[in-house]
Amino acid sequence: MKDKTSSTITSKQLIFVIIGSQIGAGIFALPRMVSGKAGEDAWISVVLGAIIPFLSVFLIERLGRRMPQMGFTQMALGLFGKNVGSVLIILFIAYVLLFESLVVRSFAEIANLYLLPKTPLAVVLLFITISIVYIGSKGVRVLARLNEILFYFGVLLLFILIIPVGQADYTNILPVGEAGLKGIARGALTTAYSFAGTEVLLVFYSLVNKQEEVLKAGLIAVCITTLLYLAMVITCLLVFGVNNLQRILWPGLMLLKVSQVPVLERLEFIFLVFWMGMGARPAVNMGFAASLSLSQLLKIDEKKYNTYALMFIALAIYILALLPHNLLSVFKLWDYAGYGFLIIGLGYPLLYHLAAFMRGGKMLV
Amino acid sequence: MKIRPRKTPPTADARDRSIKNIPDTKLPVALSEKMQLLKPYIEKNYDIITHSFYLEGNPRLEAVAVYINQVIDIEILNLHILKPLMLNCDREDLLTSGSHTLIETIYKTSITASRIAKIANLSSLVQTIFDGITILMFDGLDDVLAIDIHGGKSRNIDVPPAEQTMRGSREGFIERVDVNIALIRRRLRDPNLVVEKTLVGRRTRTEVAILYIDDIADPQIVQKVKDRINQMDIDGIVASGYVEQFIEDDPSSLFPQVYSSERPDKLVPYLLEGRVVIIVDNTPLALAVPALFVQFLQAPEDYYERTLFSSYIRLMRYVAWIVAVSLPASYIALLSYQPELLPYDLLISFSKARVAVPFPVVVEALIMEIIIQLVIEAGLRLPQQIGQTVGVVSGIILGQAAITAKLASPIVILIISVSVICTYALPASSLVLSTRIIRLPMMMLAASFGLFGLSFGAIIFLTHLVSLESMGVPYFSPLAPTRFSDLKDTFIRTFMWKMNKRPVSIPSHNPQRQGNTGEEND
Amino acid sequence: MFRRCVLLILLGIQLVMLAGCWDYRDVNRIDFPLAAAYDLHEVGLRALRDEANQEQLIDLAVILPNLAQNATLKFRIEKTTGVTVGNARGQKPYTSTGTYSPGATGIIIVGEDLAGTGLNNIFQALFRGALSPSIQNFAISEGRGDGILEAPVEDYLSMADYLKGILQKSERRGFIPATTLHNFEVWQGPGKNPIMPLIKQKNKKAEVTGTAIFKKDRMIGKANLTETRSLMLLRGIKATGNVAFTIKRNGIILDRGSVDASNKRKVKVERNGDDINFLIIVMLEGNLIEHQFGKLFTENENLQQMIESQIASDVKKDCYKFISKMQQEYRIDCIDISKYAVARWGKELEDKVDQEFIENVNIEVEVKMKLKNTGELT
Amino acid sequence: MFKKLLLVFVIVFLVFSISGCWDYRDVNKVSFPATGAYDLHESSIAAARQNQGEPLVDLTVIIPNLAQDVKKPFRIERTTGILIGNARGQKPYSSPGTYSAGVAAVIILGEDLARAGINNMVEALFRGAQIPKTENFAVAEGRGEDVLRAPIKDYSNMGEYLKGVLKQSEKRSFIPSTTLYQFGVNRAPGKNPIMPLLTLKNQKVEVTGTAIFKKDKMIGKANLDESRSLVMLRGIEASGNIPYIIKKDGQILDKGSVDVCCGGRKVKMDCNGDKFSYLITVYLKGSLIEHEFNKNFIQNPDLHKMIENQIAADTKSDCMKFIEKMQQEYKVDCIDINKYILAKWRKEFQNQVDQSGFIENLDIKVKVKMKLKNVGELT
C-alpha cells in the first residue's frame with residue numbers, strides 16, 4: 001500500500017511529533033487556567049490531568065495493534081462502511097481545523113502583542129500559514145526531523161524560564177490540598193485540554209516503521225509533556241502566587257519580565273523570537289495529519305497531491321483563525337475545543353474498538 | 001541532479017556519437033594502406049608526429065610510430081622502444097609468428113611500457129591516438145600496438161593556496177589524475193581501496209576516478225554515485241565543478257551538498273568514514289560525497305591539534321557562521337523595530353550616532369554590504385599583492401569617508417565588517433559563498449518585519465536544511481535526525497582515542513573504526 | 001573634405017557649450033530653508049481693517065542653517081515682506097547672501113490673520129513652482145507665525161526640527177490632521193474644504209491646540225482637541241490616538257481607563273425629495289492601555305462589552321455635538337461627506353453644494369467600537 | 001502546477017512585506033525617557049484627599065536630546081490625563097517623534113498620589129507588553145516632578161543618578177528596592193509593599209527612609225534607622241554599616257562600626273486558640289571596619305564576643321521598637337509575616353488577615369544572632 005522506506009518515521013521521532021503537537025502557545029496560559037480552578041494545588045491537578053492523555057495513547061495503540069497495516073482513514077472506512085466512515089473522518093478534520101485555528105490565533109496574538117503591535121493580525125497569521133504549508137509540503141520524514149530538533153531547542157528555551165525562581169516565595173503553594181478534591185478535579189480537566197495533540201497518534205500510528213515500539217514512545221512523550229507542564233506551573237505559582245496569576249494573561253511570558261539580566265535587558269523578546277518555531281508546531285503536525293487523512297479519504301495519490309490538500313487545510317485554518325472577536329473570546333472557545341479533544345482522543349478509539357469487536361475482525365472494504 | 005526518470009537509458013552508441021563518423025573497418029595488412037586510412041584524421045594536426053623507422057634485419061621491415069607531441073615521454077619512446085626495435089631484434093620469427101611474439105620482445109626490452117594493447121579496427125585506433133597513446137604499426141601485420149607512456153610537463157606538487165594549515169601536510173593535488181590517485185594511494189595502503197575509472201564527456205573523454213573502500217563504503221551509495229556519473233551525457237567537462245553540479249541532489253538549494261578539497265590528507269579520513277571520493281582529470285579539486293552540513297564547518301587541522309584547542313576553534317566556527325548570517329539582519333531589526341531590547345545607554349549612543357544619518361537603517365546597511373562585497377570581488381580579481389592592498393585600503397578609507405560624510409553610522413560599518421570577517425573565517429569556500437547569499441534575504445525579512453521576520457526566515461531555512469539530502473543521507477544529520485554518538489565529533493571533537501566508531505550518519509558496513517587504544521582509566 | 005567640415009562644426013558646438021552653464025549653481029552657495037512662516041505685514045494688518053483696497057503685504061520669515069564651520073549660531077531667521085509669497089522671496093537678495101531655493105522647505109506656518117484673508121492667491125508661488133515638492137506640511141499658528149519660529153529652543157537643533165517631529169505623519173501618533181500642499185489643493189474641489197492643524201506658543205514651546213476649519217481657502221473657525229478628534233473620525237482620516245473612557249452607572253464610577261484606537265469610516269447617502277440624509281459609520285478598533293485595578297476580563301463577562309459601548313456612545317455624543325457646531329457655526333462641510341452626494345447626483349448638486357447645502361442636510365452617525373486586545377493582563 | 005501555486009504564495013508574501021512595514025520606527029525619531037514621575041494634578045489634590053471626583057494625573061518625563069550640538073543635554077516634558085496611559089496619549093500634541101514608554105528605569109511617585117492609591121496608575125505599565133516589569137519605584141516627599149526638575153550637574157541627567165541610587169540598593173545600604181513586579185506581587189492578601197523615600201533637600205536628592213504601604217496606599221514613613229530594622233525583619237538580604245558603642249557602667253569600653261550583611265530571617269509561628277505568636281530570628285554576619293585604637297583582639301579575647309552581643313542587643317531593641325511602632329502607628333503588616341498564617345490556613349484567614357485589627361494583637365518576639373566574621377588586617 002505504501003512503500004515502506006520513503007515515508008516512515010522511527011518510533012523515537014514519533015515521541016517528538018507527539019510532544020510537538022501538544023506543546024504550543026497554550027503552555028503560557030496553562031498556569032492561569034489551572035490555578036483559576038485549583039488554586040495553590042494547581043500542580044497536583046497537572047499531574048492528575050496527565051491520566052487522560054495516557055489513556056488515549058493506550059487506546060489508540062491497542063487499536064493500531066488490532067489492525068496493523070491500516071491507515072486511520074482505511075480503518076474508519078473499513079469498520080464503518082463508506083459513508084459513516086467518511087463522516088467520521090470529516091468530523092476529525094473539522095475538529096483539527098477548529099483546534100488548530102485557536103492555537104494559531106493565540107500564537108499570532110502573542111507575536112502581535114509583543115513583537116509587532118501595529119501590524120494587522122492577518123499578516124502575522126499569513127506568515128504562520130506559509131510556514132505550515134512549506135513544512136508540511138516536505139513530507140513526513142522532514143516533519144519528524146524538524147520536530148526533533150525543535151524539541152531539543154524548546155527544552156533549552158524552557159530552562160531560561162526557570163531563571164526567576166530566585167525571586168520565588170515558597171508560601172505561595174502552601175497549604176497543600178486546601179483546594180479540595182472538586183477544585184483539583186476541575187483543574188485536572190483543564191490540564192487535560194492542554195494535552196490536546198495526542199490524537200495525532202491516530203494518523204501517525206501507521207507511519208511508524210516499527211509498530212511495536214509505538215506504545216513506549218507514546219507514554220514517554222506524554223511523560224515529558226507532563227514534566228514540562230509541571231515545571232511551568234510550579235514556577236509560575238512560586239513567582240506570582242495564585243492571586244496575581246489570575247491577573248496575567250500569559251504568565252509563562254511574564255516570567256521573563258520579572259528579573260533583570262545584566263546584558264540582555266529584555267529576555268522575553270529573544271525568547272519569543274526563538275519560540276516562533278514552537279508556536280506554530282502543533283498546527284504544522286496536526287495540519288499535516290489532517291491533510292494526510294483528507295488525501296487518503298479522497299483517494300488521491302499522496303505523493304503528488306498532499307501539498308494541495310495541505311494548502312486547503314492551511315487556508316481553512318487561516319480563515320477560521322480570523323473569526324474570533326479578540327483574545328478573550330479565543331480563551332472561551334478553548335474550553336469547547338477541550339471537549340473536542342476528549343471526544344476525539346478518547347471517544348474515537350472506543351468507538352473503533354466497539355465496531356471492531358462487533359465486526360469480529362472481518363472488514364468491509 | 002534530481003534523477004529525472006529518463007524515457008530510455010542512454011545506449012552506448014548514443015554516447016559515442018562523435019566516434020560514429022569514423023568507419024569501423026578492419027585494419028589492412030600493408031603499412032601504406034594503413035597510413036592511407038589514417039591520413040584524413042591526423043594530417044591536419046600539427047602536433048601529431050608520425051615517426052617511420054626500419055626494424056633491424058634483412059630484409060628490413062618498415063614500421064611507423066604515431067604519437068602526440070609533449071603528451072608522451074619522448075625519452076622512453078626513443079631509448080626503450082624504438083632503439084631496441086631498430087637495433088637488436090631478430091627478424092625471422094617476427095613475420096612468421098605474427099604480432100604475438102612482437103609484444104613479448106617489446107615487453108622485455110622496453111621496461112617502462114605500462115600497458116600494451118592490440119587494436120584491430122580503425123575507429124578505436126583513431127580514438128587511442130587522440131587519447132595520447134603511442135601507436136606502432138608494422139608493415140605486414142594487421143594488428144597495431146598501443147603503448148601507454150604518458151609524460152609531458154605538469155605542475156609539481158605544492159601547497160594548495162586556498163587551504164593552508166599549520167600542522168597538516170603541504171601536498172596538494174595537481175592536474176594529473178594518476179598523480180592524484182598516487183597521492184591518496186600513498187596515504188591509504190589498504191588493499192580494499194578500489195579505484196574505478198570512467199570516461200565522462202563525449203568529446204573531452206576526461207578520466208574520472210571513483211575511489212572508495214570496498215568493505216566500508218555502503219554499496220548503495222557507491223552504485224548511486226556511479227549511476228549519476230554515467231548518466232552525464234555531456235559534450236565535455238573541464239573541472240570537477242561540472243561533475244558536482246550533475247551529481248548533487250538539490251541543485252536549486254543554497255547549501256553545497258558535495259564536499260570539495262585540494263588536500264589529500266582531508267579526503268583520506270573521509271574515505272575511511274565510508275564516503276566516495278571522485279577525482280576528475282585536469283582539476284586539482286577532488287569531490288567527496290555524501291557531504292553533511294557540519295562537515296563544511298570542520299577543518300583538517302581540527303584533528304591534528306590537541307582536543308581542547310580544536311574543540312574551541314570548532315565552536316568559534318559555529319559562532320562565526322551564526323554571526324555571519326544573522327548579525328546585519330538583527331542589527332536592522334533591533335534598530336528599526338524593537339529598540340527597547342537594547343540596554344539603555346547602548347540605545348542612546350546608537351540613536352545619537354544615527355541622528356545625523358539621513359537613510360533608514362536598512363538602506364544604510366544594504367549600501368555598506370554591497371560596497372564591501374564589491375571590494376572583496378575586486379580584491380580577488382586583482383593579482384595577489386595588489387588584491388590584498390586594495391582590500392585593506394578600500395575597507396578603511398571607504399569606511400572612514402562614509403562616517404565623516406555622515407552617510408553611514410560608524411556602528412553599521414563595524415557590524416557589516418564583523419559579519420564579513422566571520423564569513424571568511426569559515427573553512428570551506430563553498431559555504432562562504434552560500435553564507436554571503438543567505439545574508440541578503442535575512443536582511444530583507446528583518447527590514448520588513450523586524451525580529452518576527454528574522455525568526456520566520458530562520459524557520460524556513462531550518463526546514464530547508466533539514467529537508468536536504470546528499471546521496472540519500474540526511475544533510476543536517478547529526479543535528480536533525482539527532483545521532484548522539486556523532487555529536488562527539490560535531491560541535492566539539494572528543495579525544496582521538498575515544499572515537500572508536502565510524503560516524504553513524506554515513507551508512508557504512510563495519511562501524512568499528514579502532515580498538516580502544518590505551519586502557520580506559522576508569 | 002566632408003570629415004573636416006564635421007570636425008569644424010563639432011568644435012563650434014564645444015565652444016558654445018563652454019560659455020554656457022546657465023543653470024550651474026554651486027551647492028554651498030544655496031540657502032535651503034527648513035521652515036517658513038507667512039504673516040500679514042503689521043502695516044498691512046492695520047490697513048486691512050480700515051480700507052479694503054489697501055495693498056496687503058506678506059511677511060515671509062524663514063529658518064536657514066548656517067553652513068559655515070565657525071558660525072556661532074547654528075540657524076538664522078530671515079524676514080522679508082512682499083505683496084505675495086513669490087514677491088517676498090524676491091526681496092531676499094537684498095538682505096541675504098547666496099541664492100534662495102524654496103524647494104526644501106518642510107514646514108510652512110501661516111499666521112491666523114493671513115489665513116483669514118484666503119490663501120489661494122498667496123500660495124500661487126507654491127502651486128506654480130515646479131521645484132517645490134507638494135509634501136510640505138502646513139499649520140496655522142494662533143497669532144503670528146514668525147513668533148513661533150523665533151521662539152528660543154534649547155532642546156532641539158531648531159524650531160524646524162521640533163515642528164517636523166510634530167507635524168509630519170502626525171496621524172500615526174495622535175489625532176492631529178496632517179495637511180500637505182497636495183491635500184490643500186485637492187480638498188478645494190466641489191463640496192470639499194481643507195483643514196489644517198492649529199499650533200499655539202505655550203511656555204516657550206509650540207503645542208498643537210486643535211484644527212483650523214477652512215471654507216475653500218479662507219479660515220473661518222477653530223476647533224479644540226476633542227472637537228478635532230470627532231472631526232477626524234467623521235472625516236475618515238485614518239489616525240491612531242488615545243481615547244479615554246469613564247463608565248458611570250447612576251453616579252458611581254464603575255471603571256476608568258484609556259484605549260489606543262484607530263479609525264475607519266463608511267458613508268451612506270440616500271435622498272428622498274430634495275432633502276438628503278447621510279449615514280456616517282465610524283469603526284474604531286482599539287487596544288486597551290489601562291483600566292481600573294481589580295476587575296478582570298476573564299471573571300466578568302460583559303466588562304469588555306461595556307467598555308466598547310461606553311467608548312462608542314462617548315464618541316457618538318462628541319460627533320453629534322461637532323456636527324451641530326458645523327451646521328450652525330461653520331456652515332460648511334468640513335467632514336468631507338458632500339462629495340458622496342456630488343458623486344451620486346453630480347450635475348444637479350454641482351453648484352449648490354458649496355452654498356448652504358450642509359446646513360439643511362440630515363447627518364446620522366453610528367459608531368462601532370471593537371476592543372482588539374487587552375495587553376498583557378486579563 | 002505546484003510551482004505556479006508556490007509562485008502565487010511568494011508574490012502575495014512579497015506584496016505584504018513590501019507594502020506594509022507597519023511597525024517601522026526609525027530609532028532616532030523615537031524619544032526614550034530616562035525617568036518618569038507620576039503626580040496628582042494640582043487641581044485635583046484637594047478632591048483626591050477626600051477620594052471623590054476624578055483626579056487628574058501628571059506624567060513628567062526626562063528625555064535625553066540626541067542631536068549633537070544642542071544646548072541642553074535633556075528635556076523635561078509634562079502632560080496631564082485622567083490616568084497615566086491617557087497622559088502618555090497626550091504626548092503627540094507637544095513632543096515630536098514617537099514615545100517609547102518601556103525604557104524608563106526609575107519611576108518617582110508623588111506623596112499625594114501614593115497616599116491616594118497607585119493601583120490604577122501602575123496599571124498602564126503592567127498592561128503594556130513592550131514594558132519590562134523591572135522599573136524601580138520610589139516615593140518623593142512633595143511632588144515627584146520637583147525631584148526630576150532638581151538641577152543636576154555631575155550626572156548626565158537625574159535618571160542616571162536615581163538609577164545609581166535605587167537599582168539593587170539593598171546590596172549597598174539598608175534601603176529596600178521595589179520593582180514593578182515586586183509591587184504587583186506584594187498586593188496579594190497578607191502582603192504589603194514598601195518603597196524607598198526620596199526627599200529634595202537644598203537642591204539635592206537623598207534617600208531618607210522608607211514609605212510604608214497598605215496594599216497600594218501609602219500610610220506612613222519610616223526614617224533610616226527604622227527602615228534598617230524594617231529591612232532586617234522583612235528578611236531582605238541587605239548590607240550596610242552599623243555603629244556600636246560598648247558601655248560598661250557608664251564609661252565607654254569600645255566604639256566602632258561593623259559592615260553587616262543580614263543573611264535573611266527565620267519565622268516560627270505557633271497559634272494557641274486564636275492568638276498567634278511569632279518568633280523572628282534575624283541572622284547577621286559582619287566584618288569589623290574600625291574600633292578604638294588601643295584594644296586588640298589577642299590581649300582581650302572576649303572583645304570579639306562583646307562586639308557581637310552589643311550589636312545583637314542594639315538591633316534587637318531597634319527591631320522591638322519598630323514592631324511596636326508598626327502595631328501602634330502603622331497598624332499594617334509591613335514585615336511580611338502574615339503570609340505564614342495564610343500558608344497554614346489560607347481559606348480561613350484569607351480576608352481576615354488584612355483587616356485593621358489583626359496585626360495589633362499579634363505578639364511578635366525577635367531574636368538576633370550576630371557573627372563577626374573577620375576583623376580586617378589588624379589584630
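Because the structure is predicted, anything quoted here is derived from the model rather than measured. Convention: sequence-line order gives letters A, B, ...; per-chain numbering from 1.
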field: Chi angles and distances behind the side-chain contact (heavy atoms from CB on, under 4.5 Å) call for D:Thr35, D:Ile107
entry: CA-CA 6 Å; D:Thr35 322; D:Ile107 309 276; over 6 Å; no
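Checked by atom type and distance alone, the side chain of A:Ser291 never pairs as donor or acceptor with a backbone atom of A:Ile313 at under 3.5 Å. Between the side chain of D:Asn136 and the backbone N or O of D:Thr179 there is no donor-acceptor pair closer than 3.5 Å. A donor-acceptor pair under 3.5 Å is absent between the side-chain atoms of D:Gln352 and the main chain of D:Glu348, judged by distance alone.
Of the two parts of D:Arg127, neither the backbone nor the side chain holds a non-hydrogen atom closer than 4.5 Å to a non-hydrogen atom of chain A. Using a 4.5 Å cut-off between heavy atoms, A:Tyr134 makes no contact with chain D at all. Contacts between A:Leu115 and chain D at a heavy-atom distance below 4.5 Å involve the backbone alone (N, CA, C, O). Looking at A:Val239, the atoms closer than 4.5 Å to chain D (heavy atoms on both sides) sit in the backbone and in the side chain alike. Using a 4.5 Å cut-off between heavy atoms, D:Leu180 does not touch chain A at all. A:Asn172 touches chain D through backbone and side chain together, each having a heavy atom under 4.5 Å away. For chain A, the nearby part of D:Gln182 is the side chain; its heavy atoms alone come within less than 4.5 Å.
Atom CZ of D:Arg265 and atom CG of D:Asp336 lie 5.5 Å apart (nearest 0.5 Å).
A salt bridge links A:Asp169 to D:Lys191: at least one charged side-chain nitrogen sits closer than 4.0 Å to a carboxylate oxygen.
Remark: D:Lys133 fails to qualify as a cation-pi partner of D:Tyr181 under the 6.0 Å distance and 45° angle criteria applied to the six-membered ring.
Contact check for A:Leu102 versus A:Phe331: no side-chain heavy atoms found under the 4.5 Å cut-off.
Between chain A and the residues D:Gly184, D:Gly128, D:Gly102, the most heavy-atom pairs under 4.5 angstrom are made by D:Gly184. Among the candidates A:Ile248, A:Val176, A:Leu113, A:Leu253, the residue making the largest number of heavy-atom pairs closer than 4.5 Å to chain D is A:Leu113. Considering only heavy-atom pairs separated by less than 4.5 Å from chain D, the leading option among A:Val242, A:Asn243, A:Leu116 is A:Leu116. Ranked by heavy-atom pairs under 4.5 Å with chain D, the first of A:Pro120, A:Gly39, A:Gly241 is A:Pro120.
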